[in-house]
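In what follows, a structure is listed as structure tokens, so that the remarks can point back to it.
Worth saying up front: this structure is predicted, and the values here are computed from it rather than measured. So you know, we letter chains A, B, ... as the sequences are listed, proteins then strands, and number each from 1. FYI, side chains are in, hydrogens and waters are out, and symmetry mates aren't considered; it's all heavy atoms of this structure.
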Number of protein chains: 2
Amino acid sequence: MVSHKSKAEVIDLLASHGVNPTTQRIIVMQTILERCAHLSAEELYQIIEQSPGRRGVALATVYNTLSLFAEKGLVREVIADPSRVFYDPNTSPHHHVYNVTTGELIDVDADRIKVSGLPSLPPGTDLEGVDVIVRVRSPS
Amino acid sequence: MVSHKSKAEVIDLLASHGVNPTTQRIIVMQTILERCAHLSAEELYQIIEQSPGRRGVALATVYNTLSLFAEKGLVREVIADPSRVFYDPNTSPHHHVYNVTTGELIDVDADRIKVSGLPSLPPGTDLEGVDVIVRVRSPS
DNA sequence: CTAACTGCAAACGTTTTGCAACTTT
DNA sequence: AAAGTTGCAAAACGTTTGCAGTTAG
């Protein structure tokens, strides 16, 4: 499912989620879809900066744009490492394997992992999601 | 299971995990055990600073000490919020409910939640743990 | 023309680090 | 004395913010 979407498709995708498709937002979305990986804002910024024809997106704009995408459901924030937030273009329900030694993050389909016996939610709260992170270590 | 351990018990606990029981480490461990809650290093520092008879632990020492405790298995790091790490004195297997609105973190016994169908680990890696975080939101 | 968006730099909060001083044996 | 530990201040890190300037409908 490596999406190699055209610019027009990216514009539609943004628009369909209520996001005004500006030049910079299109660049950010195209880049994260192409890589189809778990990238931090900083990493994504570096990639964009080195892509010919895509320069001219400020680091702050990358942060703001990814944050907006997450809010609008276009990407998912993955909180696995205290030092950085990963952004995941895969928005279907799934979980992660995180290698604490290498920083590598791998998707696991949600229908592979079953979570049962969830507690009743605290009164007055709505469920936002269930994150499962399998932490592994590469022995040194 | 609210542990109100004596100083001698805390010293034994540290020593049994290979941690040299210095004055500051004893204070940090006593404080986190007493509160028996999920505290960030900063919060723990504030509490220690305001406890009579326990002043004199620098913020950097609190960070370093908690990090050491986590490494030695005396506390658990909980990564639920990108902006801060929580430290949990409950080291038995369990999971968490995290209220993204209030920042409140609640323990859930591991035997209540069942996780099945875990993927086989990537070659050359050892399992470190499985974290389940149920994210809830308080509607505004 | 106007509203929305971006770039930049500066601010922010958390965490780490360098190093001299201080314990403890 | 030697080894380990601490406090402090400063640095580092990822991230957010304020605002002037730009872009797009």
Side-chain angles (χ1 to χ4, degrees), chain A residues 7-8 10-11 14-15 17-32 38-49 54-72 74-75 77-88 100 103 105, chain B residues 7 10-11 14-15 17-32 38-49 51 54-72 74-87 100 103 105:
Chain A
K7 186 170 169 179
V10 170
I11 290 174
L14 296 182
H17 285 256
V19 174
N20 209 338
T22 66
T23 306
Q24 289 83 354
R25 289 173 183 171
I26 294 166
I27 290 174
V28 171
M29 185 50 89
Q30 280 184 318
T31 307
I32 198 172
H38 305 84
L39 300 170
S40 64
E42 182 76 37
E43 287 167 338
L44 202 48
Y45 171 69
Q46 298 295 342
I47 292 170
I48 290 172
E49 227 188 10
R54 285 193 187 165
R55 65 202 88 63
V57 184
L59 179 57
T61 300
V62 174
Y63 274 101
N64 293 337
T65 301
L66 286 172
S67 189
L68 176 69
F69 287 175
E71 192 188 309
K72 297 294 188 176
L74 283 159
V75 301
E77 286 181 340
V78 182
I79 298 157
D81 187 306
S83 71
R84 57 208 196 281
V85 175
F86 291 105
Y87 289 88
D88 188 346
V100 299
L105 195 58
Chain B
K7 184 169 171 179
V10 171
I11 291 173
L14 296 181
H17 286 255
V19 174
N20 208 338
T22 66
T23 306
Q24 289 82 353
R25 290 173 182 171
I26 294 166
I27 290 174
V28 171
M29 184 50 89
Q30 281 184 316
T31 306
I32 198 172
H38 306 85
L39 300 170
S40 65
E42 181 74 35
E43 287 167 337
L44 201 49
Y45 171 68
Q46 297 297 342
I47 292 170
I48 290 171
E49 226 188 9
S51 301
R54 283 189 186 167
R55 65 201 87 64
V57 184
L59 179 58
T61 301
V62 174
Y63 274 100
N64 294 336
T65 301
L66 286 172
S67 188
L68 176 69
F69 286 175
E71 191 188 313
K72 298 294 187 177
L74 283 158
V75 300
R76 199 220 271 207
E77 285 181 340
V78 181
I79 298 157
D81 186 306
S83 72
R84 57 207 195 281
V85 175
F86 291 105
Y87 289 89
V100 298
L105 195 57

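Atom-to-atom, CD1 of Ile27(B) to P of dT5(D) comes out at 16 Å; the value is rounded to the nearest Å. Taking atom CG of Leu68(A) as the reference point, atom P of dT17(D) lies 14 Å away to the nearest angstrom. Here the P atom of nucleotide dT24(C) and the CD1 atom of Ile11(B) are 12 Å apart, to the nearest Å. Atom CG in Leu66(B) sits roughly 16 Å away from atom P in dT5(D) (whole-Å rounding). Counting to the nearest Å, the P atom of dT15(C) and the OH atom of Tyr45(B) are 15 Å from each other. Rounding to whole angstrom units, CD of residue Glu43(A) and C1' of dC13(D) are separated by 14 Å. Residue Leu59(A) contributes atom CG, which lies 12 Å from atom P of dA9(C) at whole-angstrom precision. In this structure, Tyr87(B) places its OH atom 13 Å from P of dT14(C), rounding to the nearest Å.
Helix bend of the helix from dC1(C)-dG25(D) to dT25(C)-dA1(D): the angle between its two end axes, each built from five pairs, comes to 10° after rounding to 10°.
For Tyr63(A), a side-chain nitrogen or oxygen approaches OP1 or OP2 of dT15(D) to under 4.0 Å. The side chain of Ser40(B) contributes no N or O atom lying less than 4.0 Å from OP1 or OP2 of dT14(C). Considering only side-chain N and O atoms, Gln24(B) lies under 4.0 angstrom from the phosphate OP1 or OP2 of dG7(D). Phosphate proximity of dT15(C) to Arg84(B): absent, as no side-chain N or O sits under 4.0 Å from OP1 or OP2.
With distances taken from any side-chain atom of Ala60(B) to the nucleotides dT6(C), dT6(D), dC8(D), the minimum falls on dC8(D). Picking from dT15(D), dT15(C), dT6(C) the nucleotide with the shortest atom distance to the side chain of Thr61(A) gives dT6(C). Checked against dG7(D), dT14(C), dT15(D), the side chain of Val85(A) finds its nearest nucleotide in dT15(D).
Rounding to the nearest 0.5 Å gives a distance of 10.0 Å between CG of Leu59(B) and CD1 of Ile48(B). For the atom pair Asp81(A) CG and Ile79(B) CD1, the distance stands at 6.5 Å (nearest 0.5 Å). Once rounded to the nearest 0.5 Å, the distance linking CD of Glu71(B) with CD of Glu77(B) reads 9.5 Å.
For the pair Ile32(B)/Tyr87(B), a side-chain contact is recorded, criterion being any heavy-atom separation below 4.5 Å from C-beta on. Taking 4.5 Å as the limit, every side-chain heavy atom of Phe86(B) sits out of range of all side-chain heavy atoms of Arg76(B).
When atom types are taken as modelled, the side chain of Thr31(B) and the backbone of Ile27(B) share a donor-acceptor pair closer than 3.5 angstrom.
For the residue pair Asn20(A) and Thr22(A), no side-chain donor N or O sits within less than 3.5 Å of a side-chain acceptor on the partner.
Nearer to the 5' terminus of DNA chain D, by closest-nucleotide assignment, is the contact made by Val62(B) (compared with the other of Pro82(B) and Val62(B)). Between Asn64(B) and Ser83(B), the one whose closest nucleotide on DNA chain C sits nearer the 5' end is Ser83(B).
Within the 4.0 angstrom heavy-atom criterion, no nucleotide atom of any strand lies near Ser67(A).
When each of Asn64(A), Leu66(A), Leu14(A), Thr61(A) is paired with Arg25(A), the side-chain contact (heavy atoms from CB on, under 4.5 Å) condition holds for Leu14(A) and for no other.
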